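Small disclaimer: the values here were computed from a predicted structure and weren't measured.
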Amino acid sequence: MDNLNKKNILINFGENLRKLRLSKGLTQEQLANEIGVEISQISRIERGVINTSITTLYTISMTLKIDIDEFFIFDSES
């Protein structure tokens with residue numbers, strides 16, 4: 001997998017996180033406080049700037065009460 005594909009995955013993942021977070025009515029600050037990370041970390045994940053850990057991913061999915069696979073349902077046009 002080349003770096004461009006990895007970057008696209010991070011961007012798509014981040015977009016999904018943002019949509020899912022907003023659908024639950026949470027701000028970045030609220031989600032960060034719930035899972036014990038800095039707000040800037042949520043922002044960087046949502047913008048596709050950083051790759052998050054699987055433990056953070058698990059904690060986010062539990063907090064949002066969603067299946068982890070929902071983060072990886074990407075629009076085929078992306």
Side-chain angles (χ1 to χ4, degrees):
M1 180 180 303
D2 62 30
N3 285 335
L4 181 58
N5 286 338
K6 289 178 184 178
K7 183 66 177 169
N8 286 338
I9 290 169
L10 291 178
I11 290 169
N12 286 320
F13 175 87
E15 289 172 354
N16 283 351
L17 171 55
R18 182 176 189 276
K19 289 175 191 172
L20 292 164
R21 173 182 58 77
L22 290 173
S23 76
K24 300 296 181 169
L26 293 174
T27 64
Q28 287 182 345
E29 181 178 18
Q30 290 168 322
L31 179 58
N33 289 337
E34 286 286 326
I35 67 170
V37 300
E38 296 291 324
I39 301 166
S40 61
Q41 183 174 348
I42 300 298
S43 174
R44 290 191 309 267
I45 295 168
E46 288 186 358
R47 290 181 286 127
V49 175
I50 63 169
N51 191 351
T52 192
S53 71
I54 193 151
T55 54
T56 300
L57 173 59
Y58 178 80
T59 305
I60 291 170
S61 70
M62 293 294 100
T63 300
L64 297 178
K65 296 179 175 68
I66 59 168
D67 292 327
I68 287 177
D69 63 342
E70 290 189 53
F71 292 112
F72 299 99
I73 300 171
F74 301 147
D75 182 351
S76 60
E77 294 178 14
S78 296

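For residues 30-40, the set of pairs meeting the side-chain hydrogen bond (donor to acceptor under 3.5 Å, both in side chains) definition, not counting sequence neighbours, comprises Thr27-Gln30, Ser40-Arg44. Annotation: side-chain hydrogen bond (donor to acceptor under 3.5 Å, both in side chains) contacts involving residues 59-73, sequence neighbours excluded, are absent. Sorted by first and then second residue, the ring pair (Phe, Tyr, Trp, His ring centres under 6.0 Å) pairs with a member in residues 14-66 form an empty list; sequence neighbours excluded.
Rounded to the nearest 0.5 angstrom, Leu10 CG and Asn5 CG are separated by 11.0 Å. Taking CZ of Arg18 as the start and OG of Ser43 as the end, the distance is 10.0 Å to the nearest 0.5 Å.
At a threshold of 4.5 Å between side-chain heavy atoms, the hydrophobic network of Ile, Leu, Val, Met, Phe, Trp and Tyr places Ile35 and Ile68 in one connected group. Residues Ile60 and Ile66 share a hydrophobic cluster, clusters being chains of Ile/Leu/Val/Met/Phe/Trp/Tyr side chains in contact below 4.5 Å. The hydrophobic clustering, which links ILVMFWY residues whose side-chain heavy atoms are closer than 4.5 Å, places Leu31 and Met62 together. Hydrophobic clustering places Val37 together with Leu64 (ILVMFWY residues linked when any side-chain heavy atoms are closer than 4.5 Å, directly or through intermediates). By the rule that hydrophobic residues join a cluster once side-chain heavy atoms approach within less than 4.5 Å of another member, Ile11 and Phe74 end up as members of separate clusters.
Qualifying ring-ring contact (aromatic ring centres under 6.0 Å, His included) partners for Phe13, counting only residues two or more places apart in sequence or in other chains: Phe71, Phe72. With sequence neighbours left out, Thr55 forms a side-chain contact (heavy atoms from CB on, under 4.5 Å) with Ser53. With sequence neighbours excluded, the residues that form a side-chain hydrogen bond (donor to acceptor under 3.5 Å, both in side chains) with Glu46 are Arg21, Gln28.
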Evaluation steps, side chain to side chain contact (heavy atoms under 4.5 Å, CB included), between Lys6 and Ile9: CA-CA 5 Å; Lys6 289 178 184 178; Ile9 290 169; 5.6 Å; no
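Residues Lys24 and Leu20 fail the side-chain proximity criterion, which asks for heavy atoms closer than 4.5 Å.
Annotation for Ile73: atom CD1 counts as buried by contact number, over 12 foreign heavy atoms lying within 6.0 Å.
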